[in-house]
Amino acid sequence: MDWQIFQILLLLTVKCSSVLINSTNKKLVEKAVGGGAALDCQFTLAPDDLGPLEIEWTRLSNPGLTEDPVIIVYSAGQIYDNYYVPLKGRVHFISMDPRKGDASINLLLLTPSDSGTYRCQVKKVPGIQRISVILRVIHAPSKPSCHTKGTEEVGRNVVLHCNALEGAIPIDYNWQRTTGPYTLPSSARLDAVAGTLHIPVAEERDSGTYSCIARNRVGMEGCFLELKIIPPSMVGMVAGTVVSSLLVLAVITFSVYHRYKCKEEMVEEDTANDIREDASPPKHRRLAITGDVSVTSSTTDL
């Protein structure tokens, strides 16, 4: 009997609530920080809905709060959007005239704190309907860095790395070749999770420009890398050139230092000679012997 009463009440409620919202209830919307989000709420009115149209968007409160804060309202042909301070100036109806069946709203300049559940209520006596939309604001990948590990030499193992320091996981990495032949080396192995591209036995023809795209659910960013695989002989040649340059530099440095020291010693010798020429003449010593006592006297030549 109780079930029959419930069915009767349900039928009465449906009959009274002739407003029909066509949008999906509890739809999940994921958007990037700094972007915008459209929260959908499309509705249809019935001929017997004779009262004034009212549209109200609220944000469902966290457990423990007494009421849900109102975000934006359409009532009696007027729009009121100054209720909710955190979204003030960042929320508006998408339609210029919501009476035509579009109560959707746009949220601008999203921040992580805007994440939550939002409820759309459409009321026109005797009908009233509600739906909820879940908004999740997350970070898109930051600009990744592209670099290599390993000697960029023919026959060596070369690894291309791509890494975005910020962004909501999971982040998918994809390497591409942006210069002819525009295909990855046949021996290359891509790890989309780690962001690496392994070229186990590099060849000269693997040289070129590569790009990496870091992508998650709300955005993507990329970087470029110039790879140049050189023969082993060129590696030795480059190393020999570097060593030769260092030796020449060392010889020049030693030569300059040696000349400087010689010049410094010559200056010191000239200075010593000048001092000896300007010194006072030595005193003459006269020795007088009287008995067992030796007397030494000195006189100064004038």
Side-chain angles (χ1 to χ4, degrees), residues 30-35 110 112 136-267:
E30 290 186 320
K31 294 295 180 179
V33 173
L110 295 172
R136 186 177 299 161
V137 183
I138 60 179
H139 286 274
S142 60
K143 186 173 182 61
S145 63
C146 290
H147 60 279
T148 60
K149 284 188 178 180
T151 304
E152 297 179 20
E153 180 184 346
V154 171
R156 295 297 187 92
N157 179 36
V158 179
V159 183
L160 281 61
H161 288 260
C162 180
N163 182 42
L165 296 179
E166 296 180 353
I169 57 175
I171 298 177
D172 180 76
Y173 297 94
N174 185 35
W175 279 98
Q176 296 178 342
R177 195 171 180 178
T178 58
T179 54
Y182 303 104
T183 56
L184 296 177
S186 58
S187 62
R189 300 192 306 271
L190 173 66
D191 189 332
V193 176
T196 57
L197 180 68
H198 293 255
I199 305 177
V201 183
E203 302 179 25
E204 284 189 77
R205 62 184 179 182
D206 298 333
S207 300
T209 303
Y210 291 76
S211 68
C212 172
I213 301 297
R215 186 194 308 267
N216 67 3
R217 302 186 299 277
V218 296
M220 62 181 182
E221 276 287 356
C223 58
F224 292 89
L225 183 146
E226 189 70 29
L227 180 65
K228 187 174 182 180
I229 306 298
I230 58 178
S233 58
M234 290 188 63
V235 175
M237 187 183 301
V238 171
T241 303
V242 172
V243 172
S244 300
S245 300
L246 291 176
L247 288 174
V248 170
L249 181 61
V251 170
I252 293 174
T253 303
F254 177 77
S255 177
V256 172
Y257 175 77
H258 181 70
R259 292 182 60 184
Y260 174 78
K261 289 296 293 182
C262 290
K263 186 175 181 180
E264 188 179 47
E265 291 176 358
M266 290 177 64
V267 171

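These numbers come from a predicted model, not from an experiment. If you read the sequence from its start, that first residue is 1, and numbering goes on from there.
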Undergrad: Applying salt bridge (charged side-chain N to carboxylate O under 4.0 Å, His left out), can you list everything that pairs with Arg136, at least two apart in sequence or on another chain?
TA: Glu30
Undergrad: Rounded to the nearest 0.5 Å, how far apart are CD of Gln176 and CG of Leu184?
TA: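 So the CD of Gln176 and the CG of Leu184 are separated by 8.0 Å.
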Undergrad: Taking Thr178 for its side chain and Thr209 for its backbone only, find out whether a donor-acceptor pair lies under 3.5 Å.
TA: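 Yes, the answer is positive, given that a donor and an acceptor are paired below the 3.5 Å cut-off.
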Undergrad: Does the Thr179 side chain pair with the main chain of Gly208, one donor and one acceptor, at a distance under 3.5 Å?
TA: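 Pair absent, no side-chain N/O of Thr179 close to backbone of Gly208.
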Undergrad: Do Lys31 side-chain atoms and Ile138 backbone N/O form a donor-acceptor pair below 3.5 Å?
TA: no
Undergrad: Are any of the side-chain heavy atoms of Leu160 and Thr148 separated by less than 4.5 Å?
TA: yes
Undergrad: Is the CD atom of Glu166 crowded by more than 12 outside heavy atoms at less than 6.0 Å?
TA: no
Undergrad: One pair to check against side chain to side chain contact (heavy atoms under 4.5 Å, CB included): Glu204 and Val154. What are the steps and the verdict?
TA: CA-CA 6 Å; Glu204 284 189 77; Val154 171; 3.6 Å; yes
Undergrad: For residues Trp175 and Leu190, report the shortest heavy-atom separation together with the two atoms involved.
TA: CD1-CD1, 3.6 Å
Undergrad: Measure up the His147 and His161 rings against each other and bin them: parallel (under 30°), tilted (30 to 60°), perpendicular (over 60°).
TA: parallel
Undergrad: Nearest 0.5 Å, please: how far is CD1 in Ile213 from CD1 in Ile171?
TA: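 The CD1 atom of Ile213 is 13.0 Å from CD1 of Ile171, to the nearest 0.5 Å.
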Undergrad: Do Asn163 and Tyr173 have side chains that get closer than 4.5 Å, going by heavy atoms?
TA: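 Yes, close enough: below the 4.5 Å cut-off.
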Undergrad: Quick test of your reading: applying disulfide (SG to SG under 2.5 Å), list the pairs with at least one residue in residues 171-227, sequence neighbours left out, ordered by first then second residue.
TA: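 Every pair satisfying disulfide (SG to SG under 2.5 Å) with a residue in residues 171-227: Cys146-Cys223, Cys162-Cys212.
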Undergrad: Of all heavy-atom pairs between His198 and Val159, which one has the smallest distance, and what is that distance?
TA: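 Looking at all heavy atoms of both residues, the closest pair is ND1-CG2, 3.6 Å.
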Undergrad: Heavy-atom distance under 4.5 Å between the side chains of Pro112 and His139, does that happen here?
TA: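 Yes, side chains in contact.
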Undergrad: Donor-acceptor pair, distance only, cut-off 3.5 Å: does the side chain of Arg217 make one with the backbone of Ile169?
TA: yes
Undergrad: Closest heavy-atom contact between Arg189 and Pro200?
TA: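 Closest approach of Arg189 to Pro200, heavy atoms only: NH1-CG, 3.9 Å.
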Undergrad: If you define the side chain from C-beta out and look only at heavy atoms, does anything of Glu152 sit under 4.5 Å from Leu227?
TA: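 Yes. Closest side-chain heavy atoms under 4.5 Å.
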Undergrad: Please report the shortest heavy-atom distance between Ser142 and Leu165, naming the atom on each side.
TA: OG-N, 3.3 Å
Undergrad: Sub-3.5 Å donor-acceptor pair from the side chain of Ser211 to the main-chain atoms of Phe224, do we have one?
TA: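 No, Ser211 side chain to Phe224 backbone: no donor-acceptor pair under 3.5 Å.
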Undergrad: At their closest point, which heavy atom of Pro141 faces which heavy atom of Glu221, and how far apart are they?
TA: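 Closest approach of Pro141 to Glu221, heavy atoms only: O-CG, 3.4 Å.
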Undergrad: Begin from the C-alpha positions of Tyr210 and Arg177 and carry the test side chain to side chain contact (heavy atoms under 4.5 Å, CB included) through to its verdict.
TA: CA-CA 4 Å; Tyr210 291 76; Arg177 195 171 180 178; 3.8 Å; yes
Undergrad: For Pro170 versus Asn216, what's the shortest heavy-atom pair and its separation?
TA: O-CB, 3.4 Å
